[in-house]
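A short worksheet on the structure shown next.
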Amino acid sequence: MVQMSAFDFFEEYLDKPSLFKNPDALTLKFNPDNIPHRDKEINLIAQILAPALKQVKPSNIFIYGKPGTGKTLVVKNVLKNMEKISGSKNIPLKLIYLNCKMQNVADTEYRVVAQISREFGKDVPITGLPTNEVYNEFFSVVDDTKQVVILVLDEIDVLINKCGDNILYNLTRINENLNNAVLSIIGISNDVNFKNNLEPRVKSSLGEEEIIFNPYDALQLKEILHQRAELAFNESSFDPLVIAKCAAYAAQQHGDARRAIALFRVAGELAERANKILSEEFVDMAEKQLEKDTVMELVKNLTLQSKLVFYSIISSLKNRVTPAFTGEIFEFYNHICNRNGLDVLTQRRLSDLIGELDMLGLINAKVISKGRYGRTREISLAVDADYVNKISIWLEDDLELK
DNA sequence: AGTCCACAGGAAGGGCAGGCGA
DNA sequence: TCGCCTGCCCTTCCTGTGGACT
């Protein structure tokens, strides 16, 4: 076989026609002008926010729906249009979008308030100031000019679960302290039940208007993918059945359009690499790869102790079909730590780490009662058996375990 | 019906790192 | 340099709990 040099490879790559016309159309950051099947929601949000253009405070909005139902996309779309019109007519309007899931940016009360102040050009240190002082800075900078401020807090449930609903109480009450400006809040949550955990005073002020985004069904997903396909792919570079397959996969996962689009993109990339037209087989391959990538990414980002706990769980469950219990895991974890000269956490802390691994979807942990033999968590792996071994080896290597 | 197990999970607080202003 | 602040990770102490066992 004649070996190909890297130069030849690049040359051939450049000459080869691509399947993609505009791969950006299949990314998360892509914000299409037309969002299919969300006209009702767009109109409703636009109606609620419209008073801002006449310098009247719009109602606060609380939006919820499962991931990939278009919440963020719709809100950003409405804001984009508001910005366009307020810019052209010189209307004093400030629109701020914050994703509360972004670590070290907007995941604590201090950081959110500091980040909003920064949006107004105020330089606030990352830490070091008392929270009420940050609020004062925030009040003064917001109230500096007569304007309507619309603050979008995306994934608000993550923020509230982490640091309580005090921040929402303070933000929804802020208008009492402002003389020139007014502030409205749009809260977006993936967790439909999140609002039930809020204090009543916060619940009533945040939820002046509530909008629910229902999951897309397979047909709607197909249309969304059609729209993106036209923008992203060159003509006749994919089998039309691919769209149906991506839609079907995503419909199984509570109608997640984000997932459908990612699947479409990865399948396209795999087909391009294989020098073939995008056909159904690449969707299956993409589905497997996406799952593997997410799991590995999660594992790699775990802290040292969480990795140790996860490794203990994998090892305890090796070669058995029955689930493990907290006590066993703790015993195994102790053993591993002692053997490797690592710090050992208490069982209380381990219990929290198990809960976190469960939240990440790496394990299934269910609280059960064994009657006379106590109450514990029943723990099993949520990761595909094919990858467990691979992850285990990676962890052994990464943690330099003996 | 009462006991008891093996935890779950809440509350409080310690210790440390990092940043600020005086 | 010092005191004060936040965030984070962790421990200690405690109460609560479901259901098998007595």
Side-chain angles (χ1 to χ4, degrees), chain A residues 98-118 121-141 153 155-156 158-171 191 193-194 196-199 298 301-313 316-317 322-338 340-360 362-380 399:
Chain A
L98 279 185
N99 188 327
C100 304
K101 212 176 180 179
M102 275 179 75
Q103 274 190 9
N104 306 327
V105 177
D107 55 345
T108 65
E109 183 173 7
Y110 182 100
R111 284 174 181 163
V112 168
V113 181
Q115 187 60 31
I116 308 168
S117 307
R118 276 184 217 117
K122 192 97 189 173
D123 195 21
V124 183
I126 341 171
T127 169
L129 295 179
T131 309
N132 56 356
E133 198 157 316
V134 188
Y135 269 110
N136 289 337
E137 296 264 348
F138 169 56
F139 290 154
S140 71
V141 76
L153 294 173
E155 312 226 31
I156 195 172
V158 177
L159 173 71
I160 303 311
N161 286 338
K162 209 175 155 199
C163 58
D165 54 12
N166 202 34
I167 180 167
L168 281 186
Y169 180 71
N170 290 332
L171 286 177
D191 179 1
N193 296 315
F194 150 78
N196 300 334
N197 305 327
L198 293 176
E199 256 190 73
L298 282 174
N301 286 322
L302 293 176
T303 59
L304 169 74
Q305 288 296 343
S306 291
K307 281 178 184 162
L308 281 165
V309 175
F310 190 46
Y311 179 76
S312 305
I313 294 170
S316 301
L317 289 167
T322 51
F325 303 107
T326 306
E328 295 178 60
I329 303 292
F330 185 55
E331 220 168 276
F332 197 96
Y333 162 81
N334 256 296
H335 171 70
I336 294 278
C337 289
N338 288 328
N340 291 278
L342 297 163
D343 289 344
V344 184
L345 301 181
T346 55
Q347 184 156 342
R348 174 70 189 86
R349 180 70 188 134
L350 178 119
S351 173
D352 281 343
L353 294 181
I354 289 176
E356 284 171 23
L357 290 174
D358 181 33
M359 281 224 328
L360 287 173
L362 292 172
I363 60 168
N364 295 313
K366 197 172 81 192
V367 179
I368 56 146
S369 173
K370 294 196 285 175
R372 181 81 171 78
Y373 305 103
R375 217 167 147 253
T376 181
R377 273 202 187 104
E378 196 180 69
I379 301 158
S380 59
L399 299 166

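Below, each value reflects all heavy atoms present in this structure, side chains not excepted, and no hydrogens, waters or symmetry copies. Naming convention: chains lettered A, B, ... in sequence-line order (proteins, then strands); numbering from 1 in each chain.
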Checklist outcome for this item: In whole angstroms, the gap separating P of dA8(B) from CD of Glu356(A) amounts to 14 Å
Checklist entry - At under 4.0 Å, does any side-chain N or O of Arg377(A) touch on OP1 or OP2 of dA6(B)? => result no
Item to check | Length of the line joining Phe325(A):CZ and dA8(B):C1', which is rounded to integer Å | outcome: 15 Å
Item to check | Contact check, side chains of Ile354(A) and Asp358(A), non-hydrogen atoms, under 4.5 Å | outcome: no
Checklist entry - Going by number, which of residues 343-354 of chain A have a non-hydrogen atom under 4.0 Å from DNA chain C? => result Val344(A), Leu345(A), Thr346(A), Arg348(A), Arg349(A)
Checklist outcome for this item: Separation of dC10(C) atom C1' from Gln305(A) atom CD, nearest Å, is 10 Å
Checklist entry - Taking the side chain as C-beta and beyond, is there a heavy-atom pair between Leu302(A) and Leu357(A) under 4.5 Å? => result yes
Checklist entry - Please walk me through it: do Leu345(A) and Leu353(A) pass side-chain contact (heavy atoms from CB on, under 4.5 Å)? => result CA-CA 10 Å; Leu345(A) 301 181; Leu353(A) 294 181; 3.7 Å; yes
Item to check | Per-nucleotide protein contact string for nucleotides 14-22 of chain C (B base, S sugar-phosphate only, - none; heavy atom under 4.0 Å) | outcome: --BBBBBS-
Checklist entry - For the residue pair Tyr333(A) and Phe330(A), does the interplanar ring angle fall in the parallel (under 30°), tilted (30 to 60°) or perpendicular (over 60°) class? => result parallel
Checklist entry - Would one find a side-chain N or O of Thr326(A) under 4.0 angstrom from OP1 or OP2 of dA8(B)? => result yes
Item to check | Residue pair Ile379(A) / Ala365(A): nearest heavy atoms and the distance that separates them | outcome: CG1-CB, 4.2 Å
Checklist entry - Rounding to a whole Å, what distance do you find between Leu308(A):CG and dC10(C):C1'? => result 15 Å
Next on the checklist: Checking Leu298(A) now: which residues fulfil side chain to side chain contact (heavy atoms under 4.5 Å, CB included) with it, not counting sequence neighbours?
Outcome noted: Leu360(A), Leu362(A)
Next on the checklist: I'd like to know if the side chain of Ser351(A) and the backbone of Gln347(A) have a donor-acceptor N/O pair within less than 3.5 Å.
Outcome noted: no
Checklist entry - Which pair of non-hydrogen atoms, one from Ser380(A) and one from Leu317(A), has the smallest distance, and what is that distance? => result CA-CD1, 3.9 Å
